Amino acid sequence: QDIMREQPGNHAQYNLLDDMVKLLSDCSRSPSREACNAAQAVADSILEIIQGPCTLNQEKFALNTELIEIMNRMLRAQPTGDVDEEEDEGLKCCLLEIFEGLTEGQGKSGGKGSVVFERILSVIDLDVLQVLIMSARTDDDEGDEMSDIQTEGLVLLQMFCDYNPALRSEITLPKRIMSAMGTSVQSVEVVWNGKLQRRFFPVHEISEHIAEATRQKLVSEIDRTSQDAKLQDFLVWAHDVYAECEHQEWLSSVDIGNNLTLASIFSRTNQEAVTWLSFFCAFTINVVFLVTYTHTDDWKADLQMRVAADADDSMFGSQYLNTAKLPQEASAACRSSKDVKDGCTVFTPAEDAVLILNVFNILFSAFVLGLYIIVRCPVKFRKLTEHGVSKNWAIFYTVTDQMTLYYACYTILAIISMVYDDVFHPLLLLDIIVKDSTTRAVIDAVVIPIKQLAATLLLTLFVIYIFSMILFKNFAAQFASPDSMEDCETLWRCFLASLNYGMRLSGGIGDIMSHTLDERLMLDLMYFLIVLVILLNIVFGIIIDTFSDLRTQKLDRLNDTTERCFICGMDRFTFDSASNEPQAFRHHLKNDHYMWNYLNFIFFIWQQDRDDDDGLELYVRKLIEKNDVMWLPKGRAMCLTAGNDDDAEESIEVQLARVEKDIFEHMNVQNAQHMQFLTKNEHAVDAVKSGTDELLRLIHLQNSRNGNGSAITREASMRKVNEQRASALGITPSSSPKNGRPSSQGGTSRPSSTK
């Protein structure tokens, strides 16, 4: 880019920027289709030269040439002669992008404005820009999409108003276009080159396919353990949501007639709605059963006859409780009907209504299964193949997906409930676990601590077996009741009786045995205290504690969702206390750090060709590819430094805080490694000492075998080594007696100089 302006080292310098401006000016003064195409090529070259941004080229074009005046004149001109309107609109759209390229990276810093911005605002006519935005619309239908030139014009207008808010009073656009400034054109704050900058961008049409159910799932399931983890997981979610939107966009391209597409039927929104319709059908069927289901008159007469026959029997209660003597109960072969079939014992008079609801329930559940296969399964298959999974395994994982199997089982159960037996209908109500997070937390309270619960229940079974053995060996005859005389005939039946009655009765197994205060006093008390009081309450305590933890986590997640900014992580109090305006935090969430604007910005970058990226967009693209969140303003917000001349200083303070944190963490790592190194050295020293002792032992053994009985100690060996080193350095060692002590008659000779 700089070579186009100057060529360092060359004797002759050629400034091609002036030539480009002159050529563009000549093309603008002779309107024709050929001149329009030439101007388009020159405008594309100028745009490439300034993007990055190349600050010197920006300043050269804005301050030392008439490029801004020429582009302002070209935007004001109407197509004449053989100029194609679409080509003219494309050229004007490129000119608007040049204005955006000139202001890239330019903004107020340290309370000072940008000379490039000031130069552009002093030349460009905002009225021309507004007319350009309004004239591009061909009709007054509010549902029409914004054209490219309208979108780029709104982006540029937003950039000017963000730099100088006083310009908002000069805007006289219609309400329908003003509303598009927050929908078709959005903004995000990005950390680029160490500074926080606001970037306006057009929302790509693929963002329209983000379903509300997808938004809710993202908010509820995203990792919120820390701000870094949340932002990184947000980038992971962005890939999944983008794949889902791409699939929905493909479905939108398939026309099925009558102005309908596959996306109008097979969508995530329809899927969520139909699942609730299916649940409503199942709920209504069970309500009808609850209100109308009754036994037949024959069954009631049979029961009354047996009760009358047993009226004189003193054991009537026990015979009544014996299910073998009760009337025949309903079976799968007995269908409910208005005309009661032979052998039927139950029926409902609302058979027709139940049949209709059953048909709708099956249709809805089958439709949900089809929706999931068409809407969700292709996205999962594509994700698996992109991660290197073979097609066969990707198909297997997609088919065996948890939710795919769930909807398939739900449909099969709905069919069985209608065709085979009504007893399966209540099971369909458990679908509420999948739909509601609170009911799902009840199940999670049992599933999450399953290991602790399993260990406690196993211990309970062992304890009950111990009591069963004691009862079987010593107190089997005390099951005196006619209903319980056979309960302890074998150890297995005694164990079942202790497990069944002992766990359910308030006083334990002693409640069904003969009353006594002597023999079984300690046994009954121990059973009651250990099994019913301690072990059962441990089980209940584990479940309750887990449910309490889940509830706390849910409240923390809710607080993080409603009281903290998703992007920067700062709380409501920070924004409300820093601003005098009411609802400052809400305004920040909606206008500065709206999480869906960031998702739309990511989609915009992915939809845009890589060659069309400017410096900031290419920077963000590369970081997203590495799942890096450095471009997101964590702990920073422009509204907290608006109007403050110390913006640069604040950014430096934030950077210093981060550096300090990194240094602290690095020092902790270094200290841990140092301690580990010292520990290893201590072990090495111990190993050397033990090796030295072993070597001296072997030398002493060798000398003994050679007849040399003089013992060599470690001190003597080290002294000998030191003497050899001293002689090598030219140092005369002192004479000493054999016992190692210095002689009293001679001193130690020292060298004249030592090193």
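Keep in mind that the numbers below use all heavy atoms, side chains included, and drop hydrogens, waters and symmetry copies. In this text, all values refer to a predicted model and were calculated from it rather than measured experimentally.
- A side-chain donor from one of His593 and Glu189 sits under 3.5 Å from a side-chain acceptor of the other.
- How far CH2 of Trp631 is from CG of Leu616: 9.0 Å, rounded to the nearest 0.5 Å.
- In the displayed structure, Arg215 atom CZ is contacted under 6.0 Å by more than 12 heavy atoms of other residues, nucleotides or ligands.
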Evaluate the criterion ring pair (Phe, Tyr, Trp, His ring centres under 6.0 Å) for residue pair Phe234 and Tyr598; output intermediate values, then yes/no.
-> CA-CA 10 Å; Phe234 178 69; Tyr598 281 86; 7.5 Å; no

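- Checked by atom type, the side-chain pair Gln607/Tyr242 shows a donor-acceptor distance below 3.5 Å.
- The number of heavy-atom neighbours closer than 6.0 Å to NZ of Lys622, taken from other residues, nucleotides and ligands shown, is 12 or below.
- Side-chain atoms of Tyr163 and Glu118 include a donor-acceptor pair closer than 3.5 Å.
- Of all heavy-atom pairs spanning Ile222 and Asp233, the tightest one is CG1-OD2, 3.4 Å.
- Counted by atom type alone, Asn600 and Ser207 present one or more donor-acceptor pairs between their side chains at under 3.5 Å.
- Judged by the 6.0 Å and 45° rule, Lys380 forms no cation-pi pair with Tyr397.
- Side-chain atoms of Asp228 and Ser226 form no donor-acceptor pair, as typed in the model, at a separation below 3.5 Å.
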Do Leu75 and Leu95 pass the side-chain contact (heavy atoms from CB on, under 4.5 Å) test, and can you show the C-alpha distance, the side-chain angles, and the key distance before you say yes or no?
-> CA-CA 8 Å; Leu75 290 175; Leu95 296 178; 4.1 Å; yes

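- The CD atom of Glu246 sits 5.0 Å away from the CD1 atom of Ile206 when rounded to the nearest 0.5 Å.
- Of all heavy-atom pairs between Gly615 and Trp192, the closest is C-CZ2, 3.6 Å.
- Each of Asp614, Asp162, Asp592 was scored for a salt bridge (Lys or Arg N to Asp or Glu O under 4.0 Å) with Arg199, with one residue passing: Asp614.
- One distance of note links CD of Glu205 with NE2 of His209; it measures 6.5 Å at 0.5 Å rounding.
- Between the side chains of Thr398 and Asp401, no donor-acceptor pair of N or O atoms lies under 3.5 Å.
- In this model, a donor atom of one side chain and an acceptor atom of the other lie less than 3.5 Å apart for Glu617 and Gln608.
- Ion pairing between Arg440 and Asp436 fails under the 4.0 Å rule for side-chain N and carboxylate O.
- Phe283 CZ: 12 or fewer foreign heavy atoms inside a 6.0 Å radius.
- Test Asp611, Asp613, Asp628 against Arg621 for salt bridge (Lys or Arg N to Asp or Glu O under 4.0 Å) and you get one pass: Asp613.
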From CA spacing to verdict: side-chain contact (heavy atoms from CB on, under 4.5 Å), Lys383, Val379 | CA-CA 6 Å; Lys383 180 180 178 181; Val379 177; 5.6 Å; no

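- With no hydrogens or angles considered, a side-chain donor-acceptor pair links Asn270 and Ser267 at under 3.5 Å.
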Would you please test Met595 and Leu218 for side-chain contact (heavy atoms from CB on, under 4.5 Å) and show each step?
-> CA-CA 11 Å; Met595 63 178 296; Leu218 189 153; 3.6 Å; yes

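- Counting heavy-atom neighbours within 6.0 Å of Asp255 CG, excluding the residue itself, gives a total above 12.
- No hydrogens or angles considered: nothing links the side chains of Tyr406 and Gln402 as a donor-acceptor pair under 3.5 Å.
- Heavy atoms of other residues, nucleotides or ligands lying less than 6.0 angstrom from CD of Glu212 number more than 12.
- Inspection of the Tyr410 and Ser278 side chains reveals an N or O donor paired with an N or O acceptor under 3.5 Å.
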